[in-house]
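Each ligand, and each atom within it, is numbered from 1 in the order the structure gives. Positions are given from 1 along the sequence.
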Amino acid sequence: MQTAGIHHVTAMAADPQRNRDFYEGVLGLRLVKQTVNFDDPGTYHLYYGDGVGSPGTILTFFPIPGLRPGTRGAGTTERVALGIPVGAAPAWRARFDDHHVAVGERAGGDGRDGLVVADPDGLEIALVESADVVGPRVWGARVGSEMAIQGIDGVQLASAAASDTARVLGVWLGLQPDDHGDYRAGDSLGGRVRVRDAAGAPRTRLGAGIVHHIAFRSTSAGEQRQWADHVRRHGALPTPVQDREYFTSIYFHEPGGVLLEIATDGPGFTRDEPFATLGEALCLPPWLEVHRDELRRHLVGLDSAPQEAPR
Ligand code: ZN
């Protein structure tokens, strides 16, 4: 079996407003859904992506006010790379300067230009110039389309058992190694995974700024059942199918410690609100709708990121 690549990346955060101000306000992604963590409904689950939250463009967060920072070590996704148009890196450097976001080292390592920043919780986000763009509905509301983020370029895993993790990517998920040592799912968005050997490093401690899991794409519910059988045959223990409203999911750990998910491409984020107003209101699944008033009392208010004056 072969996945089409990364579906989404989910990370922990502390303050929901600060998270929204960065991903919507600075990076210019669209907040395509504000809902709650279905496994912990007193906290938000925020989804950002292109205009519709296409698979391969989605970053999601569990922001928990007051959550302490985690510690990156072995068994996590330690960097998320987002694809930007070729030639857009200098414009991003200037934009980060305007927003007082410190820009670190050059990203890449494979000859492509790019830069690395930390989100407000310390999660490393790389912006990499990428020609691998397959039809995202780029969200140009805050950042012009000439520099807008296209979607997830790839991720870097820190593995406690790098050769085992490489086997998972190659044999379980059907990714192909390339000349740079990356594992590729073709040229699509979210099609690049790099493994760093972190054997001997302390285990990752979950907290703000730490990636919780990464999800790979499945085309359908039927294929997802095949994925569950497939990874079980390789020795994984997948969870039963979980209904996440906008996709269904199975989860399993790989031997290097990283929590993986297989998520379906559909039904997507227009399931319960129209394209024009995606992300503007709190959406709840039917089984939580009856608790809306109570949940509202638990959740802090969440406003749109400030609009900036044109330069
Ligand atoms: Zn997920």
Side-chain angles (χ1 to χ4, degrees), residues 3-13 16 19 23 29-41 43-50 52-64 67 70 75-82 119 121 123 125 151-152 154-157 168-169 172-173 185 189-191 193 204 206-221 223-225 227-228 231 236-254 256-269 271-272 279 283-285 288:
T3 177
I6 296 165
H7 182 285
H8 66 264
V9 176
T10 294
M12 310 296 294
N19 180 265
Y23 286 95
L29 301 177
R30 187 179 194 190
L31 179 69
V32 290
K33 193 66 62 183
Q34 46 170 310
T35 183
V36 295
N37 181 345
F38 294 175
D39 300 324
D40 179 15
T43 60
Y44 278 116
H45 192 180
L46 304 179
Y47 291 81
Y48 305 90
D50 69 354
V52 286
S54 304
T57 73
I58 309 162
L59 301 181
T60 102
F61 294 88
F62 297 132
I64 300 174
L67 183 68
T76 192
T77 298
E78 60 184 358
R79 178 177 288 182
V80 180
L82 305 176
D119 89 350
D121 291 294
L123 173 61
I125 300 287
I152 298 168
V155 295
Q156 178 168 305
L157 310 181
V168 167
L169 297 174
W172 298 19
L173 296 173
L189 279 171
V193 182
T204 292
L206 207 55
I210 302 294
V211 172
H212 185 268
H213 64 268
I214 55 173
F216 288 92
R217 294 175 61 180
S218 169
T219 54
S220 67
E223 194 197 78
Q224 187 173 56
R225 285 191 291 277
W227 275 111
V231 300
L237 289 170
T239 63
V241 173
Q242 314 282 309
D243 183 0
R244 300 311 190 192
E245 270 305 271
Y246 314 108
F247 44 86
T248 60
S249 302
I250 59 170
Y251 303 86
F252 54 94
H253 275 97
E254 58 84 33
V258 181
L259 179 59
L260 302 179
E261 173 184 350
I262 304 277
T264 53
D265 281 354
F269 296 99
R271 180 181 186 173
D272 57 358
C283 286
L284 296 172
L288 290 174

Fill in: Residues Thr248 and Gln224: side-chain donor-acceptor under 3.5 angstrom
yes
Fill in: Near the Zn ion (ligand 1) (cut-off under 2.8 Å), count of protein N, O or S atoms
3
Discussion item. Quick check: His45 with Phe61 (ring centres under 6.0 Å apart)?
Written reply: no
Response to the item:
Nearest heavy-atom contact between Ser249 and Arg244 is OG-CG, 3.4 Å
Worksheet item: Would a 4.5 Å heavy-atom cut-off, applied to side chains only, mark Ile152 and Leu189 as touching?
Response: no
Item to complete: Quickly, which of Val258, Ile210, Ile214 forms a side chain to side chain contact (heavy atoms under 4.5 Å, CB included) with Thr76? Name it, please.
Response: Ile210
Discussion item. Would you say the ring centers of His8 and Phe247 fall short of 6.0 Å from each other?
Written reply: yes
